[in-house]
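For the numbers below, each heavy atom of this structure counts, side chains included, while hydrogens, waters and symmetry mates do not. Each ligand, and each atom within it, is numbered from 1 in the order the structure gives.
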Amino acid sequence: MTSPELDDDGYAALTEKITRERSFGCASYKEKCVRRRIAVRMRARGVHTFEEYGRVLDRDRHEYDLLLDALTINVTKFFRNPETFAAIGREIVPALYARVEPQLRIWSAGCASGEEPYSLAMLMHRYAVAQGKRFDRVDVLGTDVDRASLAAAERAVYLESTLADTPAELRQMYFPMQAPYRIPHDVHARVEFRRHDLLREPFPESQHLIVCRNVIIYFDRTTQEELFQKFAAALLPGGFLVLGRVETLFGPARPMFTPVDNRERLFRRT
Ligand SMILES: C[S@@+](CC[C@H](N)C(=O)[O-])C[C@H]1O[C@@H](n2cnc3c(N)ncnc32)[C@H](O)[C@@H]1O
């Protein structure tokens with residue numbers, strides 16, 4: 001029996017199977033990361049080889065869902081990394097409302113269970129209320145490859161733990177009630193969700209702001225470069241890209257952007 005760490009053929013066969021049967025493009029993700037996640041599921045099922053685990057997947061569709069859950073890593077929070085949202089509120093929100101186009105398109109790519117796109121909508125809403133602007137100019141799109149996460153995003157009912165990073169002022173404005181929390185109607189009405197695979201599908205066009213945080217780190221370098229180029233093409237001139245603290249912008253797309261905030265990785269499309 002070959003141990004999984006040494007079994008490259010077994011790994012290739014299993015990941016091809018997953019890609020074929022569940023349209024999950026394992027090859028574009030960092031191999032170390034995928035191997036680690038598969039190993040966790042194998043341990044949970046008490047199996048020792050990739051081949052054996054492939055047979056478990058054939059027998060048990062629920063295990064397939066658990067594996068995809070493990071591979072997609074859906075952790076998120078409202079206003080996760082509040083400093084990034086503070087920078088968006090300061091540097092981007094007023095610039096968006098100053099645009100001449102009637103509708104403002106904001107895309108949260110890899111939005112998991114929806115906390116990020118709702119947080120963005122709240123920032124836009126707060127500014128609209130304070131400045132007497134029209135909030136119905138705002139269209140926020142949240143996309144993710146994981147259907148279960150999107151179903152939670154659409155349900156829009158949240159527990160206390162997802163509010164841990166929310167600044168007190170925003171908490172008072174948007175979550176004044178007790179848990180479970182619901183998104184206020186006017187904010188909810190401007191946010192839409194759609195399943196979208198960043199690796200396989202065309203990108204939404206003419207965006208004013210794209211936020212893609214804690215997603216790209218899981219992809220290999222070549223894929224990351226390709227995604228940056230696609231983000232550049234999806235943005236209107238003067239539109240913004242927010243990568244957040246853990247990702248870096250590099251490759252052929254880099255000269256297409258001017259940094260707006262180096263620490264929070266806010267960029268403006270030139
Ligand atoms: C850690 S969460 C990030 C959530 C949010 N952006 C944040 O920073 O809190 C990563 C998300 O990326 C999604 N994801 C992974 N691969 C993807 C792909 N190929 N296309 C779209 N979303 C993907 C996962 O399903 C997961 O919900």
Side-chain angles (χ1 to χ4, degrees), residues 15 18-19 22-34 36-38 40 64-88 106-123 140-156 158-159 161-166 170 191-204 207 209-231 234 240-248 264-266:
T15 50
I18 296 166
T19 302
R22 285 299 185 101
S23 302
F24 186 83
C26 294
S28 301
Y29 292 78
K30 286 180 185 148
E31 186 174 321
K32 240 167 80 181
C33 198
V34 176
R36 204 166 42 230
R37 306 276 152 190
I38 293 176
V40 169
Y64 237 135
D65 294 337
L66 293 176
L67 171 65
L68 289 179
D69 229 32
L71 287 172
T72 50
I73 311 162
N74 311 115
V75 191
T76 187
K77 281 196 181 85
F78 286 98
F79 299 96
R80 179 179 189 182
N81 302 118
E83 303 81 7
T84 309
F85 280 94
I88 296 173
I106 298 175
W107 176 26
S108 163
C111 70
S113 38
E115 288 88 334
E116 183 176 88
Y118 287 129
S119 301
L120 293 166
M122 287 170 192
L123 283 190
V140 181
L141 172 67
T143 64
D144 203 282
V145 73
D146 182 46
R147 287 184 200 282
S149 293
L150 288 173
E154 271 164 357
R155 257 193 322 277
Y158 295 98
L159 300 177
S161 54
T162 64
L163 264 75
D165 285 0
T166 304
L170 288 156
V191 184
E192 188 196 326
F193 294 97
R194 202 182 302 158
R195 186 183 184 268
H196 178 266
D197 186 342
L198 285 162
L199 302 174
R200 291 163 176 255
E201 289 170 85
F203 281 20
Q207 300 299 305
L209 165 61
I210 299 175
V211 178
C212 187
R213 304 183 310 150
N214 306 300
V215 180
I216 290 180
I217 35 161
Y218 301 115
F219 299 131
D220 63 41
R221 219 181 147 77
T222 314
T223 306
Q224 293 190 6
E225 284 192 1
E226 284 166 11
L227 290 176
F228 293 141
Q229 284 172 275
K230 288 186 178 177
F231 286 140
F240 294 90
L241 175 66
V242 175
L243 297 179
R245 287 193 174 182
V246 301
E247 342 252 1
T248 323
E264 306 306 330
R265 314 268 156 73
L266 271 45

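- Between Glu264 and Arg245 there is a salt bridge, since at least one side-chain N of the basic residue sits less than 4.0 Å from a carboxylate O of the acidic one.
- Distance from atom 23 (C) of ligand 1 to its nearest protein heavy atom, with residue and atom name: Val145 CG1, 3.5 Å.
- Defined by atom type and a distance below 3.5 Å, a donor-acceptor pair is present between the side-chain atoms of Ser113 and Glu115.
- Annotation: atom 13 (C) of ligand 1 to nearest protein heavy atom, Asp144 OD2, 3.4 Å.
- Among all non-hydrogen protein atoms, the one lying nearest atom 24 (C) of ligand 1 is Thr72 O, 3.1 Å.
- With His196 contributing its side chain and Pro202 its backbone, the two residues share a donor-acceptor pair below 3.5 Å.
- The shortest N/O to N/O separation between Asn74 and ligand 1 falls below 3.5 Å.
- Shown are Val191, Val211, Val215, Leu150; of these, the side chain to side chain contact (heavy atoms under 4.5 Å, CB included) with Cys111 is made only by Leu150.
- Considering both main-chain and side-chain atoms, Arg213 comes within under 3.5 Å of ligand 1 through a nitrogen or oxygen pair.
- No side-chain N or O of Asp144 forms a donor-acceptor pair with one of Ser149 less than 3.5 Å apart.
- Short contacts between ligand 1 and Glu116, defined as distances under 4.0 Å to a heavy atom of the residue, involve ligand atoms 5 (C), 6 (N), 7 (C), 8 (O).
- The distance from the CE atom of Met122 to the CZ atom of Phe85 is 10.0 Å, given to the nearest 0.5 Å.
- Among protein heavy atoms, the minimum distance from atom 21 (C) of ligand 1 is reached at His196 O, 3.3 Å.
- In terms of protein heavy-atom proximity, atom 16 (N) of ligand 1 is closest to Tyr29 OH, 2.5 Å.
- A donor-acceptor pair is defined here as one N or O able to donate and one able to accept, closer than 3.5 Å; no such pair exists between the side chain of Tyr118 and the backbone of Ala156.
- The contact set between ligand 1 and Leu199, taken as ligand atoms under 4.0 Å from a residue heavy atom, comprises 19 (N).
- Of the protein's non-hydrogen atoms, the one nearest atom 8 (O) of ligand 1 is Asn214 ND2, 2.7 Å.
- Listed here is the closest heavy atom pair of Trp107 and Thr143: NE1-OG1, 2.8 Å.
- For Val75, every heavy-atom contact with ligand 1 shorter than 4.0 Å involves the backbone, none the side chain.
- Only the side chain of Arg80 comes within 4.0 Å of ligand 1, counting heavy atoms alone; its backbone N, CA, C and O stay farther away.
- Heavy-atom neighbours of Arg147 CZ from other residues, nucleotides or ligands within 6.0 Å: at or below the threshold of 12.
- Residue-ligand proximity, Asp146 to ligand 1, at heavy-atom distances under 4.0 Å covers atoms 25 (O).
- The shortest N or O to N or O distance between Thr76 and ligand 1 is below 3.5 Å.
- From the protein, the heavy atom lying nearest to atom 1 (C) of ligand 1 is Ile73 O, 3.1 Å.
- Residue Phe219 forms a side chain to side chain contact (heavy atoms under 4.5 Å, CB included) with just one option from Gln224, Glu226, Glu225, and that option is Gln224.
- In plain terms, the two heavy atoms of Leu198 and Phe203 that are nearest each other are O-CE1, 3.5 Å.
- For ligand 1, the atoms sitting less than 4.0 Å from at least one non-hydrogen atom of Ala112 are 4 (C), 27 (O), numbered in the order shown with element in parentheses.
- Considering both main-chain and side-chain atoms, Gly110 comes within under 3.5 Å of ligand 1 through a nitrogen or oxygen pair.
- Neither the backbone nor the side chain of Arg200 comes within contact range of ligand 1; no heavy atom lies under 4.0 Å.
- Among protein heavy atoms, the minimum distance from atom 20 (N) of ligand 1 is reached at Leu198 N, 2.9 Å.
- Judged purely by atom type and a 3.5 angstrom limit, Arg195 uses its side chain to pair as donor or acceptor with the backbone of Val145.
- Counting the atoms of ligand 1 from 1 in the order shown, those under 4.0 Å from a heavy atom of Asp197 are 18 (C), 19 (N), 20 (N).
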